[in-house]
Amino acid sequence: MLKAFLLTCLVFFFVQVLLAQDEPTHSISELNILMQKSKSDSERVNLLLEASLVYVTRAGMEKNDFDSALLLVDQANNLSRSINRPDWQARCFRVYSQLYRENNETVKGRNYIDNAIAISTKYDAKENLGDAYMELLRYYNVYSDSGAVAMIKYAELAKGLYKQSGNKLKQAITLKHLGDFYSENKEDDSIALKCLYESLSIYQSVGYKKLQGVYDLIGIVLLDLGDYNQALKYALLAMETAERLKTDHHELCTIYNRVGEIYQRLDQDQKALIYFIKSFPLALEYKDTLSANVVAANIMANYYKHGKQKELIVFLERVRYIVYERGSLTFKANYISKYILAYLLTGNIKKAEPLVSELIQMVGNETGDLALRPLCRALIPYYIATKQYKEMYKYLPVYERISTNRNNLNNLSDNYLWWFKADSALGNYTNAITHYKLYKEASDSLHRASASREINQLQIEYETLKKDQAIASKESNILLLTKQAKLQEEQLRQTRILKNLTFGLVALLLIIVGLLFNRYRLKQRTNKKLEVQQIAIGEQNVSLRHLVNEKDWLVKEIHHRVKNNLQTVMGLLGTQAGYLKNEAAVTAITDSQRRIQSMSLIHRKLYQSNNLSAINMPDYIHELIDFLSDSFNTSNQVRFNLDIEPIQLDLEHCIPLGLILNEAITNSFKYAFPGNAAGIISISFKHESVNYLLLTIMDNGTGLPTTFDINKSDSMGMNLMRGLSKEIGAKFTIRSENGTHVAVSFAYDPETANGILSINNK
């Protein structure tokens, strides 16, 4: 969006390139009076050329302007030839070039500028040659690769010539435009910033006041580099300077929009909206359709981001004529996409449906990214909202390509997340995992790119500082020479003072040595006392270690015995089951055995581990699954997909979670896959955030009955899972989603006394 808005300034920018060489400072009437009073031929040539530039630089030059300018340049050229001044003739040729180029006679204009370069080179007229190169580069297009290379080449040549000729103002102006040229190529942003900083320094050294242009360009490059705070600083400087100098509203429109975009990047959207709204009426005032469309798009994006659907719809109606009726295909597509998204915010899918059809028909077979981007941004969320997941696959690869080409990691991250949702909804779990990983990689890359940009910016600032210091050092040498005599006198005076102070310092030193020796003796006595105390502390530490070891041994023994007792209870239950003939009773005893085994595993883990206070959840869950698989003799019919983070949990959390896992997996084995059908059980245990954990158990089986109501279910397993979740302050949910989906979300802080926090208090 930023580059699109820069196009609105293109005409203004190229006029400034000309003014970098010869800026008319008088009106035609003033110049006529001056020509009548002129006494020398060279002065008259200068006035004739300045008068011609008044006509050349008029906005929308007409035929009368062209004829008047041509007549004045002819007079200047004839006079230059008559007085044999090739340097003035070269300047006339340069104005001829500009005049014919503005009149779209580029071949004729190019011949004149080539002659101007040849004459200036022959007579070593450095400043004239620099001016000619600055005119020559205007025959190229900065937005093409070859054109950008040529423009940079000629601007670099002009910069060197202005430096040799000593014209600092033209040097500063050329550096400013070089910064703009380099910024068009993202790989040259660091070079662009160096040029712009150097331009600003030279401008300030010559007392130039109209600095809003260079401030604005520095802000653009810093924004591209990701240094939003510094970009905002220079954008605000540009705005303050433009307002103070009362510049034209068209330039203010550009600057206000830029300030808004930077605030938007800084997530200060309320401030951003203020400046977008200030920019929009200025674009309308100048009847600048392109600028109005760009600013309108920013306002619409701001309203959408903050869910202000009413304001968005009102604004869409307000700008319908200028954006939809008069805008380009890209802006029309963006306009309709915002309408679709506004209706999605209100949940009004029916109103969005005809707009979706209109948008698809409008973009049609377009292959350009500018038109396809708003199409994808609207249709993918629409298909998610309407659960048309298969339709999303038409646009997800397209939006991936667009985001990759634009190197927009934010959009790429959004696209992979949408892709993950589509894959998950359609059961494409392998692809879902792949796209979720890509989503995480894109998110991480955003942070890495930001850090890299900060490092590059620091390097640029460091190099600029060194250059400024070098310039300051040269200027300070003169001051140092003038002050050298005074410094020598001061040094002699200080020598006499030092001589007197030396005797006093020697006496003071002797006193200090005596005090230090006394301090040393006291320290020795203190150290001896500390050594005795250290020995006593060491003996106490040995005793405490023995007590800790005994305590650890006792705790392990307790866990061992608890585990053995639980195994005994399981054996008794198994024996009892052998005497029972009631199938329900046998089932109840078998379920109880599994629950006891889930607790027994925990105690076995504790006495086998060096850590007596926490359980390694990945190992525990794997063993519990192995036990349950053997218990149900599932063979290879049911497979498990596990995504378990290396989490350590205390006993208070581990036992309830083990029982919940036991119940959920047992229910899947019993009911999810009737008739020994094959199936998949997915178990995930990971961090939702720093202090929040999420356990999910999903199967792809038959799912819950349609009449199932979690609040009315009175089965023991359901009551047990609800009660255990409540015991650890967890949120328990169960639902049908291509099978059965059980989720337990809870807060966990290992630093608290028992790690239990109520999730309802988060």
Give me each pair satisfying salt bridge (charged side-chain N to carboxylate O under 4.0 Å, His left out) with a member in residues 381-396, each pair once, sequence neighbours excluded. E391-K394

Geometric class of the F685/F746 ring pair [parallel <30°, tilted 30-60°, perpendicular >60°]: parallel

Heavy-atom closest pair, residues A743 and H741: CB-CE1, 3.9 Å

Can any side-chain N or O of E645 pair as donor or acceptor with the backbone N or O of H687 at less than 3.5 Å? yes

Ring centroids only, cut at 6.0 angstrom: are Y748 and H653 within range, meaning strictly under it? yes

Any side-chain donor paired with an acceptor under 3.5 Å for E240 and Y215? no

Could you check whether R377 and Y399, counting side-chain N and O atoms only, form a donor-acceptor pair closer than 3.5 Å? yes

Side chains of F420 and L438: closer than 4.5 Å at any heavy-atom pair? no

Tell me, with the steps shown, if N298 and Q264 meet side chain to side chain donor-acceptor pair (under 3.5 Å). CA-CA 9 Å; N298 285 335; Q264 192 167 267; 4.6 Å; no

Are side-chain heavy atoms of Y383 and Y395 found at a separation under 4.5 Å? yes

Ring of Y303, cation from K308 - is the NZ or CZ under 6.0 Å from the centre and inside 45° of the axis? no

Would you tell me whether S279 and N257 have side-chain atoms, one donor and one acceptor, within less than 3.5 Å of each other? no

Is the shortest side-chain heavy-atom distance between K176 and L200 below 4.5 Å? no

